[in-house]
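Naming convention: chains lettered A, B, ... in sequence-line order (proteins, then strands); numbering from 1 in each chain.
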Protein chains: 2
Amino acid sequence: MSHVISGRRPVSAATRARVEEVIHRLGYQADPSARGLRTQRTRTLGLVVPDLANPFNAELAVGMQEITLAHDYLTVVCEAPLGGPYLPAVLRQLVARRMDGIVLGRYGATRRDLDLITGSGTRLVRLGGPLEAGPGDVVRAAEVEGMRDLVRHLVKERGYRRIGFIGGEEGVEPGGERFQGYRDALAEAGLDIPDDLVVWTSFTRDGGRIGAARLLAATEPPDALVCANDLIAIGALDTLRERGVDVPGQVAITGYDNIEAASLVSPALTTVLNPAREIGRSAARILMQRLDDDDHGPAREVVLAHRVVTRESA
Amino acid sequence: MSHVISGRRPVSAATRARVEEVIHRLGYQADPSARGLRTQRTRTLGLVVPDLANPFNAELAVGMQEITLAHDYLTVVCEAPLGGPYLPAVLRQLVARRMDGIVLGRYGATRRDLDLITGSGTRLVRLGGPLEAGPGDVVRAAEVEGMRDLVRHLVKERGYRRIGFIGGEEGVEPGGERFQGYRDALAEAGLDIPDDLVVWTSFTRDGGRIGAARLLAATEPPDALVCANDLIAIGALDTLRERGVDVPGQVAITGYDNIEAASLVSPALTTVLNPAREIGRSAARILMQRLDDDDHGPAREVVLAHRVVTRESA
DNA sequence: CTGAAAGCGCTTACAG
DNA sequence: CTGAAAGCGCTTACAG
């Protein structure tokens, strides 16, 4: 029977059909523990994200499941909140569970955390950061290019000239890459990047509220506010609404990520779609290819395209 | 060594300490496949939800993980969208994977689906529906009481009198339970439930838009709109904003669930907190207790308290 | 080409 | 009380 399943030995078509009929009728499925013990493979991938309630991360999980289920692999999703001792503990759990591969969400993981994974033979895909910063493959979106295209749109299609930037925590990615894209687009258009129109706060709604208040106080106020993510943009909208500033009439606002809330607020946010589901799919595909082919070749980096989503706010 | 771990045989304190030191130093963890093969247990629970991007479902997953990780169990989250052949396929996967228990989200699962799970010996917790509707235990929030308290608040604290109701798809739970709570509260206050102020649409933002438009057309329009969930309420807000109706000045609006977006819209929604994380925790606790004690006692139902969240919209 | 046996790493029933 | 052995259900290397 196992030969019919594995296809390792020639079996006549008639026999194959008969065996398959019986397998189907009895609902037979090989016991995964027995199979795992023999093959030293669990056919299971782990995904670790800082916050599952963040729709971006939920979409990563859905994308991975889509691919893994079709290949008879399972995906296990774990949440390990930022700031705290959670990440090493969760990684140890997944390694102890003999995951075949782990996809590590956007984290400031230490080299030690990463080595814990790969040292045990578990395959790794990181969702961000430079390839050379650690072991494993990398899948990420084109953050620099995404922001560059968004700001280009503001300049060329909409004619904005004094464009401010509200960042998250300074130095936390992908904030830096997004700032880079903003700078590139302005430089390209020959526009100034006035120091008093750049502010770093946090990747939250409150950060956006504070940041917008600060930029509106500039001697020559901005006509557009580019925010490092959608939550910041939603907070900036709060501040402008409070002060009776018309969006986009007086000041335009843009976000980044295209989370669900981006279309729920009013005016709906112009933003950049971050292809979370596709990132999850790609990461799963890489891991399964590496596992199925026993591929230990050089690390790979997959960069996924973005897409500017135009709505009412800019 | 296994005796130290299992605690099944007396081992001297000194030996225990020495063994534990070595275990820790080598980072030894029993191979889960070997253990599973021997014990016929995978120490893994499955959670099946219709939509992982829905924060309610994401919170269920986080709550389960919280409990299971602490007990050396793992939780596997699977998405099986409503409407389509996904649910039976996903359940078959989880049963084939020998999950010890499955938590089934709010679904219209057929009796056949449920029997597929319990027939294989897998333990089941359903997140809704009457206990007698199928095998397994049930964990759910107090939906009737939640809506009753919310509407009581509208009547007693806020003085609204003509209170309309926008439901989701008629006959789909938990819509019926929420409608029941609305009726109870009105009856209690001696208020009419005018037929022309009750409308059934769908559990979406669009449903809310359409429902609100219909209720505003009533000969004697409502002074408050009670919506069956937050998305419907957000849609209703859209319609009122479009028509220049002041919320809550002219018409109050309430939601249900307290999803993240409820606090992001403007005015922020008064709603009822649906304790998703606690529901996930309870479901995991029940399953692990049933498994650890080999408990085949009568089915249990756990009902969790709700909480009214007062914001700007009512 | 194909049948029978070994062995993956545990847990636990059994013998001493 | 404790050591040694059986056996969980697979896959695959080996013998015939």
Got a sec: does the CD of B:E260 have more than 12 other heavy atoms crowding it under 6.0 Å? no
How far, in whole Å, is C:dG16 from D:dG7 if one measures between their P atoms? 15 Å
Look only at the side chain of A:D257 and the backbone of A:N274, and say whether a donor-acceptor pair between them is shorter than 3.5 Å. no
With distance as the sole test, does A:D113 use its side chain to make a donor-acceptor pair with the main-chain N or O of A:P88 at under 3.5 Å? no
N-O pairing of B:R285 and B:E66 below 4.0 Å: no
Atom-to-atom span, [atom1] of [X] to [atom2] of [N] - whole angstrom:
| X | N | atom1 | atom2 | result |
| --- | --- | --- | --- | --- |
| B:L37 | D:dG9 | CG | C1' | 5 Å |
| A:R41 | D:dT11 | CZ | P | 14 Å |
| B:Q40 | C:dT11 | CD | P | 14 Å |
| B:R38 | D:dA5 | CZ | C1' | 11 Å |
| B:R35 | C:dT12 | CZ | C1' | 13 Å |

Under a 3.5 Å limit for both distances, which nucleotide forms a Watson-Crick or G-U wobble pair with C:dG3, could you say? D:dC14
Would you say a side-chain N or O of A:Y28 is under 4.0 Å from OP1 or OP2 of D:dG9? no
Out of C:dC10, D:dT11, D:dG9, minimum distance to the side chain of A:D31 belongs to D:dG9
If you find the nucleotide of DNA chain D closest to A:T39 and the one closest to B:A34, which residue's nucleotide is nearer the 5' end? B:A34
